[in-house]
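To start, the structure itself, in structure tokens.
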Amino acid sequence: KAGVTQTPRYLIKTRGQQVTLSCSPISGHRSVSWYQQTPGQGLQFLFEYFSETQRNKGNFPGRFSGRQFSNSRSEMNVSTLELGDSALYLCASSYRTGSNSPLHFGNGTRLTVT
Amino acid sequence: EDQVTQSPEALRLQEGESSSLNCSYTVSGLRGLFWYRQDPGKGPEFLFTLYSAGEEKEKERLKATLTKKESFLHITAPKPEDSATYLCAADSNQAGTALIFGKGTTLSVSS
């Protein structure tokens, strides 16, 4: 069974630009979550989608947005990039939400903002 | 505010030298406590879920335990391939569907 696939693996953007990251979940998984990982803050929750609906959103500014498509694939978008947005962005999928269905993570997209 | 704290930040062991990693949590209504392993350049890999105090789970050289305030990841006779960052995360009533992660313990095992 294929794992969670994130593209691209690496991105370099300039401050003020926008970026779109893509995530393909494990087949059959309908929940997709996004996390930001930085050395200082660790993993922080961005948002979760289930069946194309945003179920939960973390404490990030409105520049961070996402969506989920009918095939469960998800994208997240960051507009007006800031230097502090440099991080590893991790996507995770699960069959359903809740502790009985653990998250399975992709290998992330490393975003560098210059 | 829900919080998860892991200690130590870094741990160096000799091959075969057993030890424990600590995860202290302060959450409103714990629904589950997760342990993940993360290798450099990769995403976290799921290891265990614990649901209630007193519960234990094992996988090869790893054993995870849970009390009402903390969880331990015991590593018995570690090997160099056990070197990684170990993350714990709490699923709480207050956080909805978000997991609250600790910052991790980076384990280095030398032969």
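Order of the sequence lines sets the chain letters (A, B, ...), proteins ahead of strands, with each chain counted from 1. Computed from a predicted model, the values in this text were never measured in an experiment.
The line from OG of A:Ser94 to CZ of B:Phe46 is 11.5 Å long, rounded to the nearest 0.5 Å. Rounding to the nearest 0.5 Å places CG of B:Leu99 at 13.5 Å from CD of A:Gln44. Atoms OG1 and CZ, from B:Thr97 and A:Arg55 in turn, are 6.5 Å apart once rounded to the nearest 0.5 Å.
Of the atoms belonging to A:Leu90, it is side-chain heavy atoms, and not backbone ones, that fall under 4.5 Å from chain B. Only the side chain of B:Leu87 comes within less than 4.5 Å of a heavy atom in chain A; its backbone stays farther off. Neither the backbone nor the side chain of A:Leu46 comes within less than 4.5 Å of any heavy atom in chain B. Looking at A:Arg9, only its side chain comes within 4.5 Å of chain B, counting heavy atoms on both sides. Residue B:Glu45 does not touch chain A at all, counting heavy-atom pairs closer than 4.5 Å. Only the side chain of A:Gln37 comes within less than 4.5 Å of a heavy atom in chain B; its backbone stays farther off. Proximity to chain B (any heavy atom under 4.5 Å) is shown, for A:Phe105, by both the backbone and the side chain. For chain B, no part of A:Phe50 is nearby; none of its heavy atoms comes within less than 4.5 Å.
More than 12 non-hydrogen atoms from other residues, nucleotides or ligands lie less than 6.0 angstrom from CD of B:Glu81. Within 6.0 Å of CZ on B:Arg61 lie more than 12 heavy atoms contributed by other residues, nucleotides or ligands. A:Asn59 CG: 12 or fewer foreign heavy atoms inside a 6.0 Å radius. Atom OH of A:Tyr95 sits in a sparse spot, with 12 or fewer heavy atoms from other residues, nucleotides or ligands closer than 6.0 Å. Within a 6.0 Å radius of CZ in A:Arg63, other residues, nucleotides and ligands contribute more than 12 heavy atoms.
When the side chains of ILVMFWY residues are joined at heavy-atom separations under 4.5 Å, either directly or via intervening members, B:Leu107 and B:Phe72 end up in two distinct hydrophobic clusters. Placement of B:Val27 and B:Trp35 within a single hydrophobic cluster is found when ILVMFWY residues are connected by side-chain heavy-atom separations under 4.5 Å, directly or transitively. A:Val113 and A:Tyr10 are members of different hydrophobic clusters when ILVMFWY side chains are connected at heavy-atom separations under 4.5 Å. Hydrophobic clustering (side-chain heavy atoms under 4.5 Å, transitive across Ile, Leu, Val, Met, Phe, Trp, Tyr) groups A:Val32 together with A:Val19. Cluster annotation: A:Val4 and A:Leu21 are assigned to distinct hydrophobic clusters (Ile/Leu/Val/Met/Phe/Trp/Tyr, side-chain heavy-atom contacts under 4.5 Å, transitive).
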> Please walk me through it: do A:Phe45 and B:Phe101 pass ring pair (Phe, Tyr, Trp, His ring centres under 6.0 Å)?
Replying inline: CA-CA 9 Å; A:Phe45 174 75; B:Phe101 278 85; over 10 Å; no
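The minimum heavy-atom distance between A:Leu43 and B:Pro44, with the atom names listed, is CD2-CG, 4.4 Å. When all heavy atoms are compared, the tightest approach of B:Ala98 to A:Asn56 is N-ND2, 3.4 Å. Pairing each heavy atom of B:Thr49 with each of A:Pro102, the nearest pair is OG1-CB, 4.5 Å.
Between the B:Lys103 side chain and the A:Gly40 main chain, a donor and an acceptor come within less than 3.5 Å of each other.
Considering only heavy atoms from C-beta on, B:Tyr36 comes within 4.5 Å of A:Leu103 through its side chain.
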